[in-house]
Amino acid sequence: MPPQARVSTMPARKGGQSRRTITPARPVRRAPPPPRKSLSLSTIIGATILVVAIVAAVVAVSLYRSSGDSKANERATAISSAITAIRSVPAEGFTLGNAAAPLQLELFEDFQCPFCVEFTSTDESVLVDEYVKLGKLRLTFNNYPILGAESVLAATASVCAADQGRAWPYGLELFRQQAQAGQVEQERLNVGRFTTQSLTSTAVGLGLDEATFSRCLSSSEALAKVQAQNERGRSLGVTGTPSFALNGKPIQTPGNAAGWRTVLNAALAAVSP
Amino acid sequence: MSRRSAATRTRALYLFAAALALAGMAVAGYLAFENLQGNTGVCVGVHGCSTVQNSRYGEILGVPISVPGFLAYAVLLLAAVLSLRTPLRRPELALIGFLASVVGLLMSAYLTYIEAFVLDAWCSYCIVSALLMTALFITWSLLLGSAVRQTPDG
């Protein structure tokens, strides 16, 4: 395009008129492009380090979270094995093992209690395998619901399972569900894991009569049995779960399998003639 | 090398990067589609696809790893296509492409390590993706170098 003369209107002078002036044509010059921002080596290195750190953090968090899932699966599998293992052990009501066993261990537990889930998935199988199956120990489960409405409902359901002769497999199955849900890794209470429907469904899965179980679950008699177990715990001075009483006397909870062996072997030695 | 031939070479590299990213999107997209439906896809050539994908390393923050993989390839494709269309290639696009390829390369290296030394199982899609990501990393490194050289003080 050829350069053209520009016509401009000058602002009016004081007291005068505006006037038009014609300025000589000048070639149109394009404004120079803005200088391109440089990409320095330090910017590249800094951004790369940042990205590497973010990727490392995401992978670490993901692995940490999945390790929790993995542990939950391991616990659930251990309890599933325990359910299979007790099939050959004599059981009556809430008791498991030989009625004439020299050692009688009472357990006080809450189905939502993470430590109870942990005990069930670890030390309890040692007790069953090494003492109960050999006729040295009999376990008596007592409900001691202290963690809210779902604990009471689950406790009542276990009483109803006991009425049909399946207290132990039913209780273990409830602990297995909590283990699978990751209750040990992250405690979550009264979040709908135990509902009338889910507890009934679990009962049916174990072969219990649905109608009988449902009637029992809504009965005041079942709740009264839970309260009786609760009273038994209180009379022994139980304040938390899991708690244990050996031959009628409260004991301090051994922290691991070796601790249990020490306590039980000492008790066996004491009752042996 | 003359300026024109350098520009032709750079354009060819961007086209190559776009093609690699497109191939990666196809692989990761297929796998993501299968994973989100609970499947592991058809395992070609090697055994262990389901072992790898169903392991705890097959997910990242609860999402199948093929999903962020697909997104990484999408970013790489977008960076390449935008660079091809932009008259003055912005160095920031080259940096974004380079960083996305770094992420992809790191994840591929991590997964390959897991396959070789932890799971002892190989997933054909992961191998293909690792090769594509390695090629993309090399390509974007060259493109970033070229972009830095074109800018003053770069």
Side-chain angles (χ1 to χ4, degrees), chain A residues 29-80 117 121 176-188 191-193, chain B residues 53-65 67-69 71-72 75-76 79 83 86-114 118-119 133 137 140-154:
Chain A
R29 290 182 61 190
R30 258 189 206 165
R36 287 173 67 185
K37 215 175 167 184
S38 68
L39 202 56
S40 68
L41 197 61
S42 59
T43 307
I44 295 170
I45 292 172
T48 307
I49 289 173
L50 185 68
V51 161
V52 170
I54 291 171
V55 170
V58 169
V59 169
V61 169
S62 179
L63 280 181
Y64 176 76
R65 286 174 54 168
S66 64
S67 73
D69 293 346
S70 175
K71 280 181 186 169
N73 285 336
E74 281 173 23
R75 287 182 202 285
T77 306
I79 299 176
S80 293
V117 177
S121 66
R176 192 201 63 76
Q177 290 171 9
Q178 289 285 7
Q180 186 77 68
Q183 184 73 341
V184 176
E185 289 73 27
Q186 188 184 10
E187 182 185 88
R188 294 181 72 206
V191 288
R193 285 185 193 149
Chain B
Q53 292 171 49
N54 292 330
S55 75
R56 69 191 185 101
Y57 308 100
E59 288 190 344
I60 194 145
L61 300 179
V63 178
I65 210 158
V67 174
L71 295 176
V75 169
L76 286 163
S83 297
T86 311
L88 287 169
R89 291 188 182 108
R90 294 186 67 82
E92 289 85 353
L93 279 176
L95 181 60
I96 289 170
F98 172 74
L99 292 176
S101 72
V102 168
V103 173
L105 186 75
L106 285 175
M107 291 307 299
S108 296
Y110 164 72
L111 273 180
T112 306
Y113 168 79
I114 296 294
V118 178
L119 298 175
M133 273 299 180
F137 172 72
W140 277 104
S141 299
L142 293 172
L143 287 169
L144 182 64
S146 164
V148 168
R149 276 194 298 277
Q150 281 172 17
T151 56
D153 310 322

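We name chains A, B, ... by the order of the sequence lines, and we start the count at 1 in each one.
- In this structure, the portions of B/V103 lying under 4.5 Å from any heavy atom of chain A include both its backbone and its side chain.
- Taken to the nearest 0.5 Å, the OG1 atom of A/T43 stands 8.0 Å off from the CG atom of B/L95.
- With sequence neighbours left out, B/F137 forms a ring-ring contact (aromatic ring centres under 6.0 Å, His included) with B/F98.
- Legend: residues meeting side chain to side chain donor-acceptor pair (under 3.5 Å) with A/Q177, ordered by chain and number and at least two apart, are A/E173, A/T202.
- Expressed to the nearest 0.5 Å, how far CD1 of A/I54 lies from CG of B/L106 amounts to 11.5 Å.
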